[in-house]
Number of protein chains: 2
Amino acid sequence: METAELEKKIRERNGRMTRVRKAMLDFFGTAETPLTATSILELLAKRRITANRTTIYRELRFLEDTGVIHEVRIIGHGRSFELSGGHRHHLVCLGCHDVKSVAFKNHLDSEEERLLRDERFRVSDHSLEFYGLCDKCSE
Amino acid sequence: METAELEKKIRERNGRMTRVRKAMLDFFGTAETPLTATSILELLAKRRITANRTTIYRELRFLEDTGVIHEVRIIGHGRSFELSGGHRHHLVCLGCHDVKSVAFKNHLDSEEERLLRDERFRVSDHSLEFYGLCDKCSE
DNA sequence: TTAATTGCAAAAGTTTTGCACTGGC
DNA sequence: GCCAGTGCAAAACTTTTGCAATTAA
């Protein structure tokens, strides 16, 4: 999503461009991995920006409600979020515990059609995580 | 997994067949949805079995270390677990919040090969969740 | 100005740990 | 009897809520 588009979405919700919000949008825009409340606090600290943990949680909820970010759940990690659009697939290294978001088209459309037919389940979204070893951790 | 096979795995780890463990194996064996510590406590209560929450967490860890169960992470739900082998795919209804485990073969092998080639990521496992509306909640 | 945002304190929920006691085999 | 399993209390984390103070527009 473009920065301009993000700002537009936020304005629509009567959102203001505050110090913390701006920094968080920046973090989400550049991160290659989903972010947790705690990791966001650490990133803020590096930039010498002080913010209360409560503010981060409230901001995460706001950005999620606004559709700017979405939640990601990965085994062995805390509740995390990433920018909406495109992503939703992750490579989770069981060695160094790093998580990399990868954007790629996959062929789950036929699977989703099958679920609608056989299970009468109407898929609107999906998430896919691969667990294994990254290049560095493969020895 | 067969009950006999489960018991064997547990014996190998010097595990004993206790009241709580037996009940939990039964729950996991029959549940069609992943179970959380809290839902297990509720199931135990229905059977008039009293157990401390700490015991449940310790048992979950034991069964996970033993390879009997594995963790499942689903958006909007607490940390949950299900019996290992086969499953790993879930239909998550955004209406009633029910989660159904479904076993099916999928065609991610070529995707995993691609990840090894392009990303040098050695996949050992994956998890796939579909979010949407179940039959009842589709109106 | 004025409504959104924030900080702080407190509460609620989840998960882990230490230690002494109990119970399966 | 031995050692795995358990309960209890307490601690460590994570997330939410209420309220008063602050600030972007």
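Everything numeric in this text was worked out from a predicted model, so none of it was measured. To find a chain, count down the sequence lines: A is the first, B the second, and so on, and within it residues start at 1.
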* Please state how far atom NZ in Lys22(A) lies from atom P in dA4(C), giving the value in whole angstrom units. => 19 Å
* To do: Go through the structure and list residues passing salt bridge (Lys or Arg N to Asp or Glu O under 4.0 Å) with Glu129(B), not counting sequence neighbours.
  => none
* Asked: Is Thr50(B) touching bases, backbone alone, or none of the nucleic acid, heavy atoms closer than 4.0 Å?
  -> sugar-phosphate
* Looking at Phe27(A), is Arg47(A) sitting on its ring face, NZ or CZ under 6.0 Å from the six-membered ring centre and within 45 degrees of the normal? -> no
* Would you call Thr36(A) and His77(A) a side-chain contact if the rule is heavy atoms closer than 4.5 Å? -> no
* For residues 92-100 of chain A, which residues have at least one heavy atom under 4.0 Å from DNA chain C? -> none
* After noting the C-alpha distance and the side-chain angles of Glu82(B) and His70(B), does the key distance pass the side chain to side chain donor-acceptor pair (under 3.5 Å) rule? -> CA-CA 6 Å; Glu82(B) 69 182 2; His70(B) 62 242; 3.0 Å; yes
N/O to N/O distances under 3.5 Å, protein versus nucleotides 21-25 of chain C:
residue	atom	partner	partner atom	Å
dG23(C)	N2	Arg16(B)	NH1	2.7
dG24(C)	N2	Arg16(B)	NH1	3.4
dG24(C)	N2	Arg16(B)	NH2	3.0
dG24(C)	N3	Arg16(B)	NH1	3.2
dC25(C)	OP1	Arg11(B)	NH1	3.3
dC25(C)	OP1	Met17(B)	N	3.0

* **Derivation of the ring-ring contact (aromatic ring centres under 6.0 Å, His included) call for His126(B) and His89(B)** => CA-CA 9 Å; His126(B) 68 252; His89(B) 305 110; 5.6 Å; yes
* Carboxylate-amine/guanidinium contact Glu111(A) Arg114(A), below 4.0 Å -> yes
* Asked: Is there a path of hydrophobic side-chain contacts, each under 4.5 Å between heavy atoms of I, L, V, M, F, W or Y residues, that connects Leu43(A) with Val20(A)?
  -> yes
* Asked: In whole Å, what is the span from the CG atom of Leu41(A) to the C1' atom of dT6(C)?
  -> 14 Å
* To do: Mind calculating the distance between CD1 (Ile10(B)) and C1' (dC3(D)) to the nearest angstrom?
  => 17 Å
* **Phosphate contact (dT6(C) OP1 or OP2) by Asn52(A) side-chain N/O below 4.0 Å** => no
* Nearest-angstrom distance from the residue atom CZ of Arg21(A) to P of dT6(C) -> 6 Å
* Asked: Would you say Thr55(B) reaches dG7(D)'s phosphate, i.e. side-chain N/O to OP1/OP2 under 4.0 Å?
  -> yes
* Given side chains that start at C-beta, do those of Leu35(A) and Leu60(A) come closer than 4.5 Å, heavy atoms only? -> no
* Separation of Phe62(B) atom CZ from dT6(D) atom C1', in whole Å? -> 14 Å
* Would you check if Phe62(A) and Val68(A) make a side-chain contact, meaning some heavy-atom pair closer than 4.5 Å? => no
* N-O pairing of Lys9(B) and Glu12(B) below 4.0 Å -> no
* Asked: CG of Asp65(A) versus P of dA4(C): gap in Å, rounded?
  -> 14 Å
* Structure fact -> Per-nt protein contacts along nucleotides 12-21 of chain D (heavy atom under 4.0 Å; B base, S backbone sugar-phosphate only, - none) come out as --SBBBBB--
* Asked: Is there side-chain contact between Leu25(B) and Ile10(B), with heavy atoms separated by less than 4.5 Å?
  -> yes
* **Test side chain to side chain donor-acceptor pair (under 3.5 Å) applied to Arg122(B) - qualifying residues, sequence neighbours left out** => none
* Asked: Do the side chains of Ile75(A) and Ser127(B) get nearer than 4.5 Å, heavy atoms only?
  -> no
* Asked: How long is the line joining CG of Leu60(B) and P of dT14(C), in whole Å?
  -> 13 Å
* Structure fact -> If each end axis of the helix from dT1(C)-dA25(D) to dC25(C)-dG1(D) is fitted on five C1' pair positions, the angle between them, to 10 degrees, is 40°
* To do: Calculate the interatomic distance between Ile56(B) atom CD1 and dG5(D) atom P; express it in whole Å.
  => 14 Å
* **N-O pairing of Arg11(B) and Glu7(B) below 4.0 Å** => yes
